[in-house]
Amino acid sequence: TMSRFGFGIGYGTLSYKIVPAANPEPIRVGLTNFDFKGRWFPFAGSFFLGGSVGREILYATTHRTFTIPDVPVLGSVSTAATMTVDYSRWNFIPHFGWFGTFKVGLTLGFEVGAEIPFGGKVDVNIQVDDENLQALVDAVKETDTYKDSIQSAEDSINQYGNLVIPYVTLFRIGWMF
């Protein structure tokens, strides 16, 4: 029967501004996630087996001024640029737990499982404010040194971003209506 199944959708976001002491330009970091959950209550009670599929996006962005020395024809050039690094991945979370609903609609529960990531992707973007210099940035992006640096960063991020980690919700509270 349908009373043995439960479904849900979740969304969360967090954004925070960091101002490093060494550089007055702030760095904006954030996390956004959404998921689709399913729960099966095999005994038609509060105990459940569940699964969740979702996406997480972690980002950092800052605006800095750079000086590029010895640019052919131009000499030394200073320009402001916005740098953004995004890491996104999908995840599957098999879990089990207890989800009790009281007569007034109050719900309490806990969940335990494992977060299994897949499909991780790193995106690094540099956009200069001076459109005349964007071609220079684009040319730098085509060099082997730049590509190797980006690949090294992606490898490092994916090394940690693809780890299976515990999924634990010790206390869940809600309202059913």
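- Listed here is the closest heavy atom pair of A60 and I27: CB-CG2, 4.5 Å.
- V85 and L14 fall into different hydrophobic clusters, where Ile, Leu, Val, Met, Phe, Trp and Tyr side chains are chained together by heavy-atom contacts under 4.5 Å.
- In this structure, I57 shares a hydrophobic cluster with no other residue, the cluster being traced through Ile, Leu, Val, Met, Phe, Trp and Tyr side chains under 4.5 angstrom apart.
- The two residues S46 and G100 have their closest heavy-atom pair at OG-CA, 3.7 Å.
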Next item on the list: Carefully, step by step, assess K147 and E142 under the rule side chain to side chain contact (heavy atoms under 4.5 Å, CB included).
Entry: CA-CA 7 Å; K147 290 177 182 178; E142 293 302 317; 3.7 Å; yes

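- Within the model, atoms CG of D123 and OH of Y87 stand 13.0 Å from one another, a figure rounded to the nearest 0.5 Å.
- Nearest heavy-atom pair, R55 versus S88, reported as atom, atom and distance to 0.1 Å: NH2-OG, 3.0 Å.
- No more than 12 heavy-atom neighbours from other residues, nucleotides or ligands sit within 6.0 angstrom of OH on Y16.
- Taking CZ of R28 as the reference point, atom OG1 of T62 lies at 10.5 Å (rounded to 0.5 Å).
- The two atoms that bring F92 and V53 nearest to each other are CD1-CG2, 3.9 Å, heavy atoms only.
- Few gaps surround CZ on F34; more than 12 heavy atoms of other groups in view lie less than 6.0 Å from it.
- Listed for the T107 side chain is no donor-acceptor partner under 3.5 Å among the backbone atoms of I173.
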Going through the distances and angles, do F110 and T169 end up as a side chain to side chain contact (heavy atoms under 4.5 Å, CB included)? CA-CA 5 Å; F110 70 88; T169 303; 5.8 Å; no

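- The other members of the hydrophobic cluster of L170, by chain and number, are V168 (side-chain heavy atoms under 4.5 Å, ILVMFWY only).
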Exercise. When you look at E111 and F48, which way does the side chain to side chain contact (heavy atoms under 4.5 Å, CB included) test go after all the steps?
Worked result: CA-CA 9 Å; E111 301 176 18; F48 68 86; 3.5 Å; yes

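- A continuous path of ILVMFWY side-chain contacts below 4.5 Å connects M83 to V122, so both sit in one hydrophobic cluster.
- Atom CZ of R39 is separated from atom CZ of F7 by 11.0 Å, given to the nearest 0.5 angstrom.
- Between the CH2 atom in W40 and the CZ atom in F5 there is a gap of 7.0 Å [rounded to 0.5 Å].
- For R89, the salt bridge (charged side-chain N to carboxylate O under 4.0 Å, His left out) criterion is met by E56, E115, not counting sequence neighbours.
- Cluster annotation: I9 and Y167 are assigned to distinct hydrophobic clusters (Ile/Leu/Val/Met/Phe/Trp/Tyr, side-chain heavy-atom contacts under 4.5 Å, transitive).
- Under a 3.5 Å cut-off, the side chain of R4 and the backbone N or O of P42 do form a donor-acceptor pair.
- Scanning all heavy atoms of the two residues, the minimum distance from L108 to F102 falls at CD1-CE1, 3.7 Å.
- Within the model, atoms CD1 of I93 and CG of N91 stand 4.5 Å from one another, a figure rounded to the nearest 0.5 Å.
- Cluster membership for F171 and L106, using ILVMFWY side-chain heavy atoms within less than 4.5 angstrom, is shared.
- Between F118 and W90, the ring-plane angle classifies as parallel under the 30° and 60° cut-offs.
- Across G51 and H95, no two heavy atoms sit closer than the pair N-CE1, 3.6 Å.
- The distance from atom CG of D35 to atom OH of Y11, rounded to the nearest 0.5 Å, is 12.0 Å.
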